Amino acid sequence: MKYYLIRTLFIGFIILFQFPIQAQQQEDRFVVLEKKMAELSKDVPGLNEKVEFSVTGASLQEFLGGLATSHELNISIDPTLQIRIYNKFSNEKVANVILFLAREYDLDILFVGSIMSFKKYIAPVQKDVIPVHEILVKYSAYNDLMTLDLKNDTLEKVVKKITQVTRKNLILTSGLASKIVNVYIEDMPFESAINRMAYANQLKLVKTEDNFFVLKPIGEGEDGLDALTKAGDKAKKGKTIVNKASGTTSAPGTGGAAAGASEMHVEIEEDSATGNRYITLSAVNTPINQVIKEVAQEVGANYFLFSDIKGNITTSITRVNFEHFLTYILQGTDHTYKLDGPLYLIGDRKIEGLRANRVIQLKFRSLDAIHDIIPTELKKGVEVKEFKELNSILVSGSLPQINEIEAFITALDRVVPMVMIEVLLLDINKTRSVKTGITAGLGDSTVKTSGTFLPGIDVTLSSSNVNEFLNWLGTNNVFNLGRVTPNFYMTLSALESNNNAEVRSTPKLSTLNGHEASLSIGSTVYYTVQTQNVLNSLTPQTVVTQQYNSVQANMAINIKPVVSGDDQVTLTIDVSVTDFISLPPTGPPPSTTNQFKSIIRVRNEEMVVLGGLERTQKTETTSGVPLLSRIPILKWLFSSRTKGKTKLVSVVFIKPTIIY
C-alpha cells in the first residue's frame, strides 16, 4: 500500500508540474498560427475580406467549405473531424474567424503555400505519463473457452473485467483487491482457467452452491506449490484405475491388452476445494454400455437405461464432469440423456421421457428466415417451429441438440446496426455577361427617349435627341451631318451582370444493415399533343384531338449499406438528379440529368465526395456593319457585342452514421 501511495503522489506531482507548461505550449502555438496567418493574408486577399455568418448546427466541413468557395481560399479538412458550429460572425475578417475556430475547437492548421490543412490538434506525448494497460479477457459462451492476458494488474479490476465479459459471478474475499496478478491462459474452459490463474498467483478458487466463484488466499503457511501438492495427494487417494482387456481386469502398470481386444482406463479426480469430481478416460474399442457403467460406478452417479445402447467407442477425454462425459460419449449416436433430479435418464432420443421442449426468444434480430439459417445437421431429429407473435422459436427434441441449436442462435442473435445516411447535393451556378454596342434603326412610330444610366447604360435615344446632337456637332459650320427622320432611334448599351445561385439538397436516409434505402423527390410537367383527323370523304370534317402527356424530373437516391466489424461501411450508391432547363408552351420541356453510380467503403461518420462535375461555358456574339465593325476605334460605333460566361459545379457528399 505504501508503494502505491508514493506512486500516486509522484504521478500527481508530475501532472501539476506539467499543466502550466502545457498551457504555455498552447499559447505559443496560437502565436505561431497568428503570425503564419498574417503572412498568408498578404498573398491571399480573401483572408482580409469581411464575413456575415449565422451558423446553427452546421458541420465544420460545410462551414469551411462555404468560406473557401465564397472567398477563393484553398482549404483541406480532415474528414474525421466531428464538430458542429453554433456561432454568428458579423463584419469580421475571414482570418480572424479561422483563428477563432482553431482556438475554440482545438484545431491545428498546417500551411503549405496558400493551402490550409485543418486537423485535430494532438499534444506531444509526455514521456513521464504512464500508459494505461488494457486488461485482456476474451470469452466464448458457445464453447465456454476463455483467454486471459494479465500483466501487473490489480485483482479487483481483473475480477470486474472477467465478470463483465463472462456474465459469471466471480468475487473476492476481503484484503485481495489490491493484489497484483500475472498470467497468460489461452482457450481454456472457464472454471479451469480461473483455477490456473488462482494457482499462479497464490490463490484458491471455491465454487458455492448458487454458482458463485470465490477467490480466497491460500491458508497461512501454505504456498501455491504446497496447496497443489496436497490437492494432488487428495486427488490421488480418490483415483480409481480400471483396465479391461479381453474381459480381464489388471492393476495399473501390469501390461497392455491383447491384440484386437477392448481396453479402458479411467481416472477420477476430486477437487479438494469444490468437491467436484472430474473424469479422465481412455478407451479403445470398448462397448458404450460398459463405459457408462464403469464411469458412473466410480463417480457415484445414479442412472437409468431406457434402452440398450449398442456399439463400441474409442475415445480419450481429459478432466470433464459426468454431464460433459455423457454428452461426448452419446454424441453421434441415436441416444441421449436427461437429468431428472439426481437421476440420469439415458436412452433413445425419440423416447417420450427424454424429449425436451424449449422456447428460444430472439432479443435483437427478427424471426424472418432464422429457420433456414439453422444448419440441417443440427435440425436432424429435432422439430423447429416459429412463433412470430413472440419472436421466438419452439424446439422439441433431445436436450444436447437443443443446447446446440440454442448456442447457434445465441451466436447469431446480435444487434443489427442501423445506418443513417446523410446526402448533400450541392449545385453552384455562376453566370457573368457583358453587353456593349450601339444600335440604330427606324420604327413604325416616333420613339421616345428612355432607359437607365445606372447601374448600367441601356438608353434608347429619340430622333429629336439625335438631331440635337447633330446640330451641336455642326455649331461651328465645320460639319453638317444633316438631320434624321422622326422615326429614327438609337440605342446605347454598356451592361455587365453577374448571377450566383447555390442549390442545396440534404436528404437523410435510414435503413437496417444490408437493406436498401430509396428516396425519390421530383415534379411532373404536362404538355399537349394535338392530332388532326379528317373524317367523311364526301363532306370532309377536321377533328382536332388534344392529348396530355407527362414528363417527370426527379431526384432519386438508392443506397445499400453493409457494415463490417471494424465500423467500416460499404455503400452501393445510385444517385440520379434530373432538372428541367425551361418550360416551353408546347412540346416536351428539355431537361438535364446528372447520374452517379459507385461502390465505396467509408469509415463511420466520415464524409466523402461521391461525384464532382464542373462545367464552364463561354459565349460571344458580335453584330455590326461589314468592314467598319473590324476597324479599331470605329468598330465601337458600328457594332454591338455580347459576352457570357457560365460556370456550373455539381457535388455530392455522402456521410454514413452507424446506430446501434
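As the structure is a prediction and not an experimental result, all values here were calculated from the model. Hydrogens, waters and symmetry mates play no part in the numbers below; they use all other heavy atoms, side chains included.
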Looking at every heavy atom in both [X] and [Y], which two are closest together, and how far apart are they?
| X | Y | answer |
| --- | --- | --- |
| L205 | F213 | CD1-CB, 3.8 Å |
| L367 | S392 | CD2-O, 3.5 Å |
| I185 | M197 | CD1-N, 3.9 Å |
| S550 | T524 | CB-CG2, 3.7 Å |
| P79 | M607 | CB-O, 3.8 Å |
| M37 | L47 | SD-CD1, 3.9 Å |

Quick check on [X]: does its [atom1] atom have over 12 non-hydrogen neighbours (other residues, nucleotides or ligands) under 6.0 Å away?
| X | atom1 | answer |
| --- | --- | --- |
| E104 | CD | yes |
| K655 | NZ | yes |
| F387 | CZ | no |
| H71 | NE2 | yes |
| Y86 | OH | yes |
| K93 | NZ | no |
| E156 | CD | no |
| K508 | NZ | no |

Would you compute the distance between atom [atom1] of [X] and atom [atom2] of [Y] and round it to the nearest 0.5 angstrom?
| X | Y | atom1 | atom2 | result |
| --- | --- | --- | --- | --- |
| L155 | N201 | CG | CG | 7.5 Å |
| I573 | I600 | CD1 | CD1 | 3.5 Å |
| I654 | E422 | CD1 | CD | 10.0 Å |
| I83 | S59 | CD1 | OG | 10.0 Å |
| I98 | L73 | CD1 | CG | 6.0 Å |
| E49 | S41 | CD | OG | 11.0 Å |

Any side-chain heavy-atom pair of [X] and [Y] under 4.5 Å:
| X | Y | value |
| --- | --- | --- |
| L145 | Y139 | no |
| V395 | I360 | yes |
| L215 | I171 | no |
| M420 | I658 | no |
| V608 | F653 | no |
| V137 | I135 | yes |
| I162 | I194 | yes |
| N558 | E516 | yes |

- Stepwise, does the side chain to side chain contact (heavy atoms under 4.5 Å, CB included) test hold for D153 with I180? CA-CA 5 Å; D153 297 308; I180 301 298; over 6 Å; no
Is a side-chain donor or acceptor of [X] paired with a backbone partner of [Y] at a separation under 3.5 angstrom?
| X | Y | value |
| --- | --- | --- |
| T163 | K161 | no |
| Q568 | R601 | no |
| N513 | V563 | yes |
| N604 | D567 | no |
| S140 | D144 | no |
| D106 | I122 | no |
| Q61 | L81 | yes |
| K379 | I405 | no |
| N554 | A556 | no |
| N96 | V94 | no |

Side-chain donor-acceptor pair under 3.5 Å between [X] and [Y], yes or no?
| X | Y | result |
| --- | --- | --- |
| S90 | E52 | yes |
| N182 | N152 | yes |
| N74 | S114 | yes |

- Query: Do the numbers put K168 on top of the ring of F190, so that NZ or CZ is under 6.0 Å from the six-membered ring centre and no more than 45° off the axis?
  - Reply: yes
- Message: With a 4.0 Å cut-off on N to O distance, would you call R358 and E406 a salt bridge?
- Response: yes
- Item | Basic-acidic side-chain contact under 4.0 Å: E39, K36 | no
- Item | Residue pair S117, K119: steps toward the side chain to side chain contact (heavy atoms under 4.5 Å, CB included) verdict | CA-CA 7 Å; S117 177; K119 297 182 178 180; 4.1 Å; yes
- Item | Derivation of the side chain to side chain contact (heavy atoms under 4.5 Å, CB included) call for V359 and L390 | CA-CA 10 Å; V359 176; L390 298 177; 5.7 Å; no
- So N357 and S396, side-chain hydrogen bond (donor to acceptor under 3.5 Å, both in side chains) or not? Walk me through it. CA-CA 4 Å; N357 300 309; S396 178; 2.7 Å; yes
- Item | Residue pair I85, L101: steps toward the side chain to side chain contact (heavy atoms under 4.5 Å, CB included) verdict | CA-CA 9 Å; I85 301 176; L101 294 176; 4.3 Å; yes
- Hey, which of T570, L571, I421 is the one that makes side chain to side chain contact (heavy atoms under 4.5 Å, CB included) with V602? L571
- Task: Please assess R603 against E605 for the test salt bridge (Lys or Arg N to Asp or Glu O under 4.0 Å), listing each intermediate value before the final yes or no.
- Result: CA-CA 6 Å; R603 290 188 179 275; E605 297 186 0; over 6 Å; no
